[in-house]
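Below is one structure, written out as structure tokens; comments come after it.
This structure is a prediction, so every number in the text was calculated from the model and none was measured. Positions are given from 1, in the same order as the sequence printed here.
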Amino acid sequence: MALAMKNYVRPAVVITLLLTIVTGLLYPGLVTGLAQLIFPYQANGSLHTMNGQVIGSDLIGQYWTSPNYFHGRPSATLSSTDSTKSEPYNAANSSASNLGPTNKNLTDAVNERVKELQKENPGVPVPVDLVTASGSGLDPDISVAAALFQVPRIARERGMSQDQVRQLVMAHVQGRFLGFLGEEHINVLDLNLALDGK
């Protein structure tokens, strides 16, 4: 009986150790090394720096509140009712809100956001991505419609013509992935950096 047990335990332990080394050390080390070699910008977070300081990432949205900048999608990592979600665009707290379309908290929050945005641009339909968070809660991009909705405010705050701001927006439209997947979109950080360069 002990010999039979030994025949089962030893191979199980050896296979567990072997798989731990291969899948826990060798494979992640190889993938990390290749990523650093082939795609170092992306592998290190696609970070933007200015004067030696990190100012943002192409992959994670930032919390733009100033009226003279384009605003991104609401962050699902910011919640007035959940104390664990107190910092906007907190990558360590990435998750969806898990609130369904009939949830009162969600509909109240969306309606409040719509009212605020309609004050900014009366009579113009508010794009859905300006009032709802993305699946991760960290989306750095907005739709072209969401950027164009904000053009009058940006033009007013920056003392620019709406045509100038609209041209800047259209110059930053990124196409669909592989030409057919997803929608055209605009990275908010890139657009705001270009806006500061004007």
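By the 4.0 Å N-to-carboxylate-O rule, K119 lies close enough to E116 to be salt-bridged with it.
For F177, the CZ atom is loosely surrounded, since the number of other residues' heavy atoms within 6.0 Å does not exceed 12.
Applying the side-chain contact (heavy atoms from CB on, under 4.5 Å) rule to T20 yields the partners T16; only residues at least two apart in sequence or on another chain are considered. A search for side-chain contact (heavy atoms from CB on, under 4.5 Å) contacts involving D108 returns K104, not counting sequence neighbours. Residues passing the side-chain contact (heavy atoms from CB on, under 4.5 Å) test with I15, sequence neighbours excluded: L19. Applying the side-chain contact (heavy atoms from CB on, under 4.5 Å) test to V114 and every residue at least two apart in sequence or in another chain returns V110, Q118, V126, V131.
Each salt bridge (Lys or Arg N to Asp or Glu O under 4.0 Å) pair with one or both residues in residues 166-194, not counting sequence neighbours, appears once here: D163-R166, R176-E183.
The closest donor-acceptor contact from the side chain of N51 to the backbone of Q53 lies at 3.5 Å or more, if one exists at all. S66 places no side-chain N or O within donor-acceptor distance of the main-chain N or O of Y69, the cut-off being under 3.5 Å.
Residue L47 shares its hydrophobic cluster (ILVMFWY side chains chained together at separations under 4.5 Å) with V54.
Residues I186 and L191 come closest through the heavy atom pair CG2-CD2, 3.8 Å. M50 and L193 make their closest contact through CE-CD2, 3.8 Å (heavy atoms, listed as atom of the first residue, atom of the second, distance).
In the hydrophobic clustering of ILVMFWY residues, with side-chain heavy atoms under 4.5 Å counting as a link, L168 and V173 come out together. Note on F39: it clusters hydrophobically with L30, by side-chain heavy-atom contacts below 4.5 Å among ILVMFWY residues. No continuous path of hydrophobic side-chain contacts links V128 to F70 [ILVMFWY only; heavy atoms under 4.5 Å]. Note on M170 and M160: same hydrophobic cluster, where clusters join Ile, Leu, Val, Met, Phe, Trp and Tyr whose side-chain heavy atoms are under 4.5 Å apart, directly or indirectly.
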Review point. Checking salt bridge (charged side-chain N to carboxylate O under 4.0 Å, His left out) for the pair R73/D129: CA distance, chi angles, key distance, verdict?
Key: CA-CA 6 Å; R73 294 185 77 160; D129 56 323; 5.2 Å; no
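Looking at heavy atoms from C-beta onward, H71 lies in side-chain contact with R153 at the 4.5 angstrom threshold. N187 places a side-chain heavy atom less than 4.5 Å from the side chain of Q174.
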